[in-house]
Amino acid sequence: MGLQTLFFYLFAFIAVASAFMVVSARNPVYSVLFLILTFFNAAGLFLLTGAEFLAMILLVVYIGAVAVLFLFVVMMLDVDFAQMRAGVLEYAPIGALVGLILAAELIIVVAGSVFSPEIAKTVPMPIPALSQRTNTAALGDVIYTHYIYFFQIAGLVLFVAMIGAIVLTLRHRPNIKRQNISQQVGRTPETAVQVVKVRPGQGL
């Protein structure tokens, strides 16, 4: 067993174990910490396969921004997680069905690559050698040339999802003064200034 194979099994085992702890931990803060550990080991797997750009993106974007943001949100918001867990069993059949579909897809891909190794040679855009093109440049060629429209559609879907999340979670708290831009712009000198006549010897 070579050193690369040893690190592959090490990263894979820790990634699978920490991913299981993400969904099984009772404390949501621990779940986010295990999620960061999962991303870190996934970045190690990317490095072993020669995809150093994806590994750095995983570390910088997902661990450095998304996972830390999750951690701050979980720690700062007063969320009743006991009430959220009460309805978990209602969605268990749907989650099990999705899990079975993903497992079946993985089995088909692995079985196809094992029993028919020649399938990998039929890829329309194979990964070029590192001597010809770097991993980052090859990835950019694929995303921004052949799949540019799908890339833009994916960004649009994420943008719509972000707007939907903001609209669904926006709550106006009572007894809080908020700025009304249209009301401020539509003010006139008559409504902006209020003259109060104070009689002598009396205050406001």
Side-chain angles (χ1 to χ4, degrees), residues 15-43 45-46 51 53-109 125 136 139-187:
V16 172
S18 56
F20 176 77
M21 292 302 298
V22 170
V23 297
S24 61
R26 295 183 177 274
N27 193 332
V29 177
Y30 294 161
S31 297
V32 177
L33 294 177
F34 280 117
L35 182 63
I36 295 175
L37 182 61
T38 305
F39 287 154
F40 181 79
N41 288 275
L45 293 175
F46 278 129
F53 177 74
L54 295 179
M56 293 301 104
I57 287 296
L58 195 63
L59 290 176
V60 174
V61 177
Y62 284 91
I63 297 179
V66 178
V68 176
L69 178 63
F70 286 168
L71 183 61
F72 286 161
V73 170
V74 168
M75 295 178 64
M76 294 177 64
L77 295 182
D78 187 12
V79 181
D80 189 2
F81 292 97
Q83 183 179 0
M84 295 178 61
R85 292 193 189 98
V88 172
L89 296 178
E90 299 179 1
Y91 303 98
I94 300 177
L97 178 61
V98 174
L100 290 175
I101 294 174
L102 293 177
E105 291 177 352
L106 291 176
I107 292 173
I108 292 173
V109 171
M125 289 182 293
T136 305
L139 184 63
D141 293 338
V142 173
I143 293 178
Y144 296 108
T145 55
H146 299 281
Y147 297 99
I148 180 62
Y149 296 111
F150 297 99
F151 183 74
Q152 295 295 332
I153 292 173
L156 182 62
V157 169
L158 293 176
F159 180 68
V160 173
M162 180 186 68
I163 296 177
I166 295 174
V167 172
L168 291 175
T169 58
L170 183 61
R171 297 291 184 272
H172 293 286
R173 297 181 180 180
N175 301 326
I176 294 180
K177 294 183 178 180
R178 296 184 179 275
Q179 186 178 15
N180 191 338
I181 303 298
S182 60
Q183 184 179 1
Q184 292 179 352
V185 173
R187 294 179 69 183

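Everything numeric here is computed off the predicted structure, so don't read it as measured data.
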Problem - Which atom of L139 lies closest to which atom of F53, heavy atoms considered - result: CD2-CD2, 3.5 Å

Practice task
Please identify each residue that fulfils side chain to side chain contact (heavy atoms under 4.5 Å, CB included) with L59, with sequence neighbours left out.
Solution key: F40, A43, M56, I63

Practice task
List for me each residue that meets side chain to side chain donor-acceptor pair (under 3.5 Å) alongside S18, sequence neighbours excluded, and say none if there are none.
Solution key: T38

Exercise for the section: Look up atom CD1 in I107 and atom CG in L100, then write down how far apart they are to the nearest 0.5 Å. Expected result: 9.5 Å

Practice task
With sequence neighbours left out, write down each residue that passes side chain to side chain donor-acceptor pair (under 3.5 Å) with S24, or none if nothing qualifies.
Solution key: none

Handout entry: Set of residues satisfying side chain to side chain contact (heavy atoms under 4.5 Å, CB included) with respect to L158, sequence neighbours excluded
Key = none

Completion exercise
Sorted by chain and number, sequence neighbours left out, side chain to side chain contact (heavy atoms under 4.5 Å, CB included) with E105 holds for I101, L102

Problem - Sequence-distant partners of F20, ring-ring contact (aromatic ring centres under 6.0 Å, His included), two or more places apart - result: none

Problem - F159 CZ to I163 CD1 distance, which is reported to the nearest 0.5 Å - result: 3.5 Å

Practice task
Tell me, yes or no, whether the heavy-atom count around Q183 atom CD, taken from other residues, nucleotides or ligands under 6.0 Å, exceeds 12.
Solution key: no

Problem - Partners passing ring-ring contact (aromatic ring centres under 6.0 Å, His included) against F39 (at least two apart in sequence or in another chain) - result: Y62

Exercise for the section: Tell me, please, which residues at least two apart from Y144 pass ring-ring contact (aromatic ring centres under 6.0 Å, His included). Expected result: F151

Exercise for the section: Please name all residues satisfying side chain to side chain contact (heavy atoms under 4.5 Å, CB included) with Q152, sequence neighbours left out, ordered by chain then number. Expected result: I148

